[in-house]
Amino acid sequence: MLIKTLNNGFIHPASSEITTERLYRERRNLIKLMASGAAGAAMASWAGREAMAQELARPGKNPALPGRKSPVAGAVTMDKLTDYKDASGYNNFYEFGTDKADPAKNAGSLVTSPWTVEVEGLVKKPAKYAIEDLLKLSAQEERIYRLRCVEGWSMVIPWVGYSVAELIKKVEPLGSAKFVEFITLADPKTMPFVGSRVLEWPYTEALRMDEAMHPLAMLAFGMYGETMPKQNGAPLRLVVPWKYGFKSGKSIVKIRFTDKEPKTSWNKSAPQEYGFYSNVNPTVDHPRWSQASERRIGEDGLFAKKRKTLMFNGYEAQVGQLYAGMDLKKFF
Ligand SMILES: Nc1nc2c(c(=O)[nH]1)N[C@H]1C(S)=C(S)[C@@H](COP(=O)(O)O)O[C@H]1N2
Ligand SMILES: [Mo]
């Protein structure tokens with residue numbers, strides 16, 4: 001749901017978040033109920049439950065992409081994994097529509113091969129990588145990160161990829177490089193909502209150099225042991241677990257090193273609501289709603305309690321130092 005702002009831009013559709021999510025869930029529960037009726041006793045059987053556990057371990061929707069256990073501190077949260085169906089069926093990817101179910105419905109048209117990623121700007125070794133080569137640049141790791149949307153919901157997803165830092169070290173940024181910009185695909189032929197007024201295209205995000213170099217900042221090529229579903233940002237996306245979900249740009253085609261703080265998509269659309277940093281911070285409210293709690297997708301039964309949102313999404317021990325001395329109300 002879009003809400004028009006006074007500046008004539010559009011804002012993240014949070015006020016309707018609960019309604020949207022509830023509707024989505026009711027639809028899904030209905031489908032489940034119908035399925036169980038048809039399958040009868042089989043669904044309730046041990047074999048049925050076993051099959052569901054298997055499905056969670058490896059959904060079988062895309063080619064396998066295994067990752068070794070990550071040695072990075074804080075890279076594996078013990079929180080229960082979100083159901084793959086939710087992680088790949090409840091998405092924000094505005095190039096394919098603004099409803100949570102739209103990306104899964106519409107992203108099939110995205111062409112992910114061939115795919116190249118260009119590295120440019122203030123680097124000694126600008127490069128053009130075929131996605132296959134970029135995948136091989138470093139050993140893949142599986143990391144289980146929480147992802148919290150500014151709208152107030154969160155998920156726990158096993159991502160496959162490696163630290164952005166691995167790529168940054170390879171291309172050798174110049175001393176003058178202070179920021180890294182991530183530019184995503186904007187192809188009106190395959191992305192039906194590119195060209196709509198909802199955001200400026202291409203969708204872009206950016207990090208300060210030390211944020212991008214933090215080992216938790218991840219280039220993700222897959223999830224749940226498989227290559228990335230299109231609706232989740234195939235073939236390559238960013239995952240920055242201590243920032244609101246929107247900082248994790250999907251379907252990246254360009255990585256640019258700059259000396260000035262880049263403008264980002266959400267910041268351009270509503271600068272009073274979305275700052276550059278966008279760190280998960282329960283003490284800084286969004287101008288129109290609180291950020292103190294969140295709803296974990298999959299725990300949203302009628303009586304499910306909201307969870308308290310943690311500073312830096314629970315990654316404070318790892319990333320807090322990056323912001324020492326900064327006024328996080330000013331740099332929101
Ligand atoms: N290119 C692109 N990347 C994007 C978005 C988008 O609309 N376009 N939405 C962002 C938002 S708001 C969120 S919350 C996350 C959602 O990721 P998920 O759908 O995999 O959970 O992707 C982010 N990356
Ligand atoms: Mo989001």
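Residues Pro229 and Tyr84 approach most closely at CG-OH, 3.5 Å, considering heavy atoms. Closest approach of Thr82 to Tyr224, counting heavy atoms only: O-OH, 2.6 Å. Of all heavy-atom pairs spanning Pro173 and Ile168, the tightest one is CD-O, 3.2 Å. In terms of heavy atoms, Val239 sits closest to Ala220 at CG2-CB, 3.8 Å. Closest approach of Asn106 to Phe96, counting heavy atoms only: ND2-O, 2.9 Å.
Side chains of Thr264 and Asn267: no donor on one and acceptor on the other come within 3.5 Å. A donor and an acceptor atom, one from each side chain of Glu211 and Tyr323, are located under 3.5 Å apart. Side-chain contact of Lys100 with Asn92: a donor-acceptor pair under 3.5 Å is present, judged by distance alone. A donor-acceptor pair shorter than 3.5 Å cannot be found between the side chains of Ser248 and Arg237.
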Item to complete: In sequence, state the C-alpha distance, the side-chain angles, and the governing distance for Glu166 and Lys169, and then conclude on salt bridge (charged side-chain N to carboxylate O under 4.0 Å, His left out).
Response: CA-CA 5 Å; Glu166 299 300 325; Lys169 282 183 239 159; 3.7 Å; yes

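Phe221 and Tyr162 have tilted rings, their planes meeting at an angle from 30° to 60° on a 0 to 90° scale.
A salt bridge does not link Lys85 to Asp83: none of the charged side-chain nitrogens sits closer than 4.0 Å to a carboxylate oxygen. Remark: Asp79 engages Arg296 in a salt bridge, criterion side-chain N to carboxylate O under 4.0 Å. Ion pairing between a basic and an acidic side chain is recognised when a charged N comes within 4.0 Å of a carboxylate O; Glu294 and Arg307 show no such pairing. With respect to the salt-bridge test (charged N to carboxylate O, under 4.0 angstrom), the residues Glu273 and Arg288 qualify.
A distance-only check finds no donor-acceptor pair linking the side chain of Trp159 to the backbone of Leu238 [under 3.5 Å]. At least one donor-acceptor pair under 3.5 Å links the side chain of Lys243 to the backbone N or O of Tyr277.
Cation-pi geometry between Lys247 and Phe276 is met: under 6.0 angstrom from the ring centre, within 45 degrees of the axis. For the pair Arg146 and Tyr315, the cation sits on the ring face: its NZ or CZ lies under 6.0 Å from the ring centre, inside 45° of the axis.
Checking each of Gln318, Arg143, His214 against Val72 for a side-chain contact (heavy atoms from CB on, under 4.5 Å) leaves exactly one that passes, namely Arg143. The ring pair (Phe, Tyr, Trp, His ring centres under 6.0 Å) test with Tyr94 singles out one residue from Phe246, Tyr203, Trp266, and that residue is Trp266.
When side chains are defined from C-beta on, Arg208 counts as touching Phe179, because their heavy atoms get closer than 4.5 Å.
Interatomic distance, NZ of Lys189 versus CG of Leu110, reported as 13.0 Å (0.5 Å rounding).
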